[in-house]
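Taking it in order: structure first as structure tokens, then the write-up.
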Amino acid sequence: MQALTKRSKVVSNKRMSFMEKIYLPAIIKGMMITLSHFFKKKVTVNYPEVKRPIAPVYRGQHVLKRDENGAERCTACGLCAVACPAEAITMVAEERKAGEEGLYREEKYASTYEINMLRCIFCGLCEEACPKEAIFLTDRIVPSTFERHEFVYGKDKLVEPTAKDERVDITERQNVDTVEFKKHKEYAHNILYTKNTLK
Amino acid sequence: MEWGDIIYKSILVVCVFSVSLLVAMYSTYAERKIAAFLQDRLGPNRAGPFGILQPVADGVKMFMKEEIIPDVSNKALFIIGPSVAMFTACMTGVVIPWGTELVIGGKHYPLQVTDVNIGILYLFGVVSIGVYGIMIGGWASNNKYSLLGAIRASSQMISYELAMGLSIVALIMMTGTLSVREIAAQQVGWHWNVLYQPFGCLLFMICAFAETNRAPFDLPECETELVGGYHTEYSSMKLGFYLFAEYINMFISSAVIATLYFGGYNMPFIGRWVHDPNWMAILGTVFFFCKIFFFIFLFMWVRWTLPRFRYDQLMNLGWKILIPLALLHVAATGVVMWLTGQIH
């Protein structure tokens with residue numbers, strides 16, 4: 001039979017020779033192997049201080065984007081909640097009052113928007129479903145806590161800060177074609193303002 | 001005995017006691033670090049720089065844990081078990097010569113708590129009492145896993161004590177004394193006993209591994225079969241005592257191996273550079289501790305390399321291989337001594 005790898009060995013049940021029976025040579029050999037590992041580079045990553053590099057398309061904690069004026073992009077259409085296979089998203093829609101144009105981009109907005117991070121499977125379907133480019137998954141990791149209810153993230157945790165230098169950068173998630181497509185004048189309202197484009 | 005001697009001995013006893021505890025404490029840290037390094041990990045590094053406060057944190061944890069004494073256990077024996085284990089572990093340190101002697105103001109202060117002329121017998125006696133700690137603990141727990149672990153531990157320790165004693169007999173034949181101090185003193189310079197009796201040393205070391213219940217002979221506390229072995233039912237500091245006693249035993253075993261076979265506090269070539277006896281004593285003690293630390297490292301190195309023996313393999317090795325070999329070794333030593341004219 002052909003061997004799958006060059007390292008495979010044929011095992012036999014032959015009687016052990018005297019040198020094998022006294023075990024000590026084998027023990028010393030094994031101890032030398034472990035000793036060589038003593039000086040090898042360690043594979044541990046000291047997590048909070050050192051973070052493993054993660055892909056730009058990593059699907060971590062969600063962000064609700066604001067537009068260039070700082071108004072929330074979400075219009076509470078509910079498509080993300082429909083798309084969500086884990087049914088982790090709930091929202092309550094409300095009509096924008098006069099004078100709130102600076103706060104909400106569309107005439108309808110989400111007064112509450114909650115994602116249950118314990119239900120979420122981080123598939124990214126909400127991001128794909130969103131017609132307003134409002135929700136994105138980011139490379140941030142959802143931190144652990146002791147209480148269940150703390151995993152239900154509301155707008156306070158999901159909407160990005162208004163200050164332009166505190167915005168969450170998601171440009172890395174967009175491929176070149178998508179960005180070019182959004183520059184078309186019919187879709188220009190969907191150009192995403194991120195940390196990089198703002199600068 | 002004068003008052004000065006009594007005070008000096010008391011100080012020495014306290015020193016030996018606290019050093020054994022300190023070394024045992026940091027052995028737990030060293031064990032975790034060495035295990036990690038041998039497995040390409042980093043080990044504990046959160047408590048203090050390089051995790052140096054980890055043993056303290058572990059100690060605090062042990063004390064803070066809830067103490068559970070099972071209803072069905074024999075409560076008095078349940079408490080006596082770990083006490084005996086700890087007590088005997090701490091008692092062995094007194095006959096080990098930690099160094100030559102200090103000369104202060106014309107008075108000699110030997111760095112050994114007591115020089116019993118049957119020191120080795122004393123060592124063996126105390127070590128064999130240590131079995132009772134495990135046996136009583138396992139029995140009092142009223143749990144089948146504990147009992148099985150205790151039975152394994154005691155049968156293993158009793159079997160290997162025989163081979164251990166026989167390997168020592170050959171050494172005693174050669175040195176002609178049972179006093180640990182004299183055996184250490186005879187190994188001046190390079191006259192280490194390991195060079196004269198390498199085989200006896202090997203036998204003794206294998207038995208020492210079995211006596212301390214360390215891998216590859218750690219089946220008394222084999223987690224995969226026996227949950228935790230004889231300390232399954234123990235919690236809080238009682239469990240801590242059992243684990244701690246094991247580390248003290250390891251320290252004392254290393255010290256005994258170093259004393260009996262590896263020259264004890266003797267440092268080769270030291271006489272060429274240092275002439276002051278006090279400095280020689282201190283350097284000798286430092287060198288002795290280096291040897292001890294090497295053997296502690298060896299204990300851990302072996303533990304994280306070798307898999308555990310099966311129970312029948314363990315008994316076969318003890319009774320069918322080590323004891324006959326040790327007997328043969330005694331006979332061979334006698335023949336060589338007769339041929340070289342040391343005995344008539």
Side-chain angles (χ1 to χ4, degrees), chain A residues 3-55 58 60-61 117-118 139-148 150-151, chain B residues 30-51 198-210 214-217 293-310 313-314 316-318 320-322 324-326 328-329:
Chain A
L4 289 173
T5 63
K6 283 177 184 170
R7 289 187 297 174
S8 65
K9 281 181 183 168
V10 178
V11 181
S12 74
N13 278 333
K14 74 173 171 55
R15 292 182 70 82
M16 287 197 288
S17 68
F18 178 71
M19 282 305 273
E20 283 168 340
K21 260 186 192 162
I22 57 174
Y23 288 112
L24 285 175
I27 287 173
I28 290 165
K29 198 175 153 196
M31 285 171 71
M32 285 303 142
I33 290 172
T34 42
L35 191 68
S36 74
H37 279 268
F38 198 88
F39 303 105
K40 275 190 185 154
K41 195 174 174 297
K42 309 302 172 205
V43 292
T44 311
V45 177
N46 276 319
Y47 168 61
E49 294 96 49
V50 185
K51 290 199 172 74
R52 274 172 61 200
I54 46 181
Y58 184 87
Q61 186 189 320
M117 292 298 176
L118 290 175
D139 55 2
R140 296 172 299 173
I141 291 165
V142 178
S144 54
T145 59
F146 291 102
E147 302 293 332
R148 250 163 206 278
E150 286 172 28
F151 281 103
Chain B
E31 173 113 83
R32 293 173 66 176
K33 271 288 187 195
I34 287 169
F37 273 56
L38 292 176
Q39 296 171 349
D40 296 342
R41 297 182 287 113
L42 288 174
N45 63 351
R46 296 287 137 166
F50 305 107
F199 188 66
C201 174
L202 183 69
L203 282 179
F204 185 81
M205 275 167 65
I206 293 172
C207 297
F209 276 83
R214 295 280 303 181
F217 306 102
F293 292 149
F294 171 76
F295 285 110
I296 291 179
F297 174 72
L298 188 75
F299 268 90
M300 292 171 181
W301 185 9
V302 168
R303 170 167 177 187
W304 296 102
T305 303
L306 300 182
R308 182 184 295 137
F309 274 101
R310 214 169 52 211
Q313 289 172 334
L314 176 95
N316 273 345
L317 180 71
K320 290 188 186 163
I321 297 171
L322 288 184
L325 278 179
L328 213 65
H329 184 237

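Each chain gets a letter, A, B and so on, in the order the sequences are listed, and its residues count up from 1.
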Query - A/Asn46 vs B/Arg46, side-chain hydrogen bond (donor to acceptor under 3.5 Å, both in side chains): CA-CA, chis, key distance, verdict - result: CA-CA 10 Å; A/Asn46 276 319; B/Arg46 296 287 137 166; 3.2 Å; yes
Report task. Below 4.5 Å from any heavy atom of chain A, which atoms of B/Leu306 appear? Answer side chain, backbone, both or neither. Result ->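 Just the side chain, heavy atoms under 4.5 Å.
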Requested in this report: Measure distances from B/Leu202 to the heavy atoms of chain A and classify the residue's part below 4.5 Å as side chain, backbone, both or neither.
Outcome: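 When you check distances to chain A, only side chain atoms of B/Leu202 fall under 4.5 Å.
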Query - CZ on B/Arg32 to CZ on B/Arg41, rounded to 0.5 Å - result: 9.0 Å
**Report entry** Among A/Lys41, A/Met31, A/His37, residue most engaged with chain B (heavy-atom pairs, under 4.5 Å)
**Finding:** A/Met31
Requested in this report: Count the heavy-atom pairs under 4.5 Å between each of A/Val43, A/Ile27, A/Leu35 and chain B, then report the option with the highest count.
Outcome: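 If we count pairs closer than 4.5 Å to chain B, A/Leu35 comes out on top.
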Requested in this report: Just say parallel, tilted or perpendicular for the rings of B/His329 and B/Phe199, cut-offs at 30° and 60°.
Outcome: perpendicular
Query - From CA spacing to verdict: side-chain hydrogen bond (donor to acceptor under 3.5 Å, both in side chains), A/Thr34, B/Trp304 - result: CA-CA 8 Å; A/Thr34 42; B/Trp304 296 102; over 6 Å; no
Query raised in the report: Which region of A/Ile33, side chain (C-beta onward) or backbone (N, CA, C, O), has a non-hydrogen atom less than 4.5 Å from a non-hydrogen atom of chain B, or is it both or neither?
Result: neither
Query raised in the report: Heavy atoms, side chains only, cut-off 4.5 Å: are A/Arg148 and A/Leu118 in contact?
Result: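 A side-chain contact under 4.5 Å exists here.
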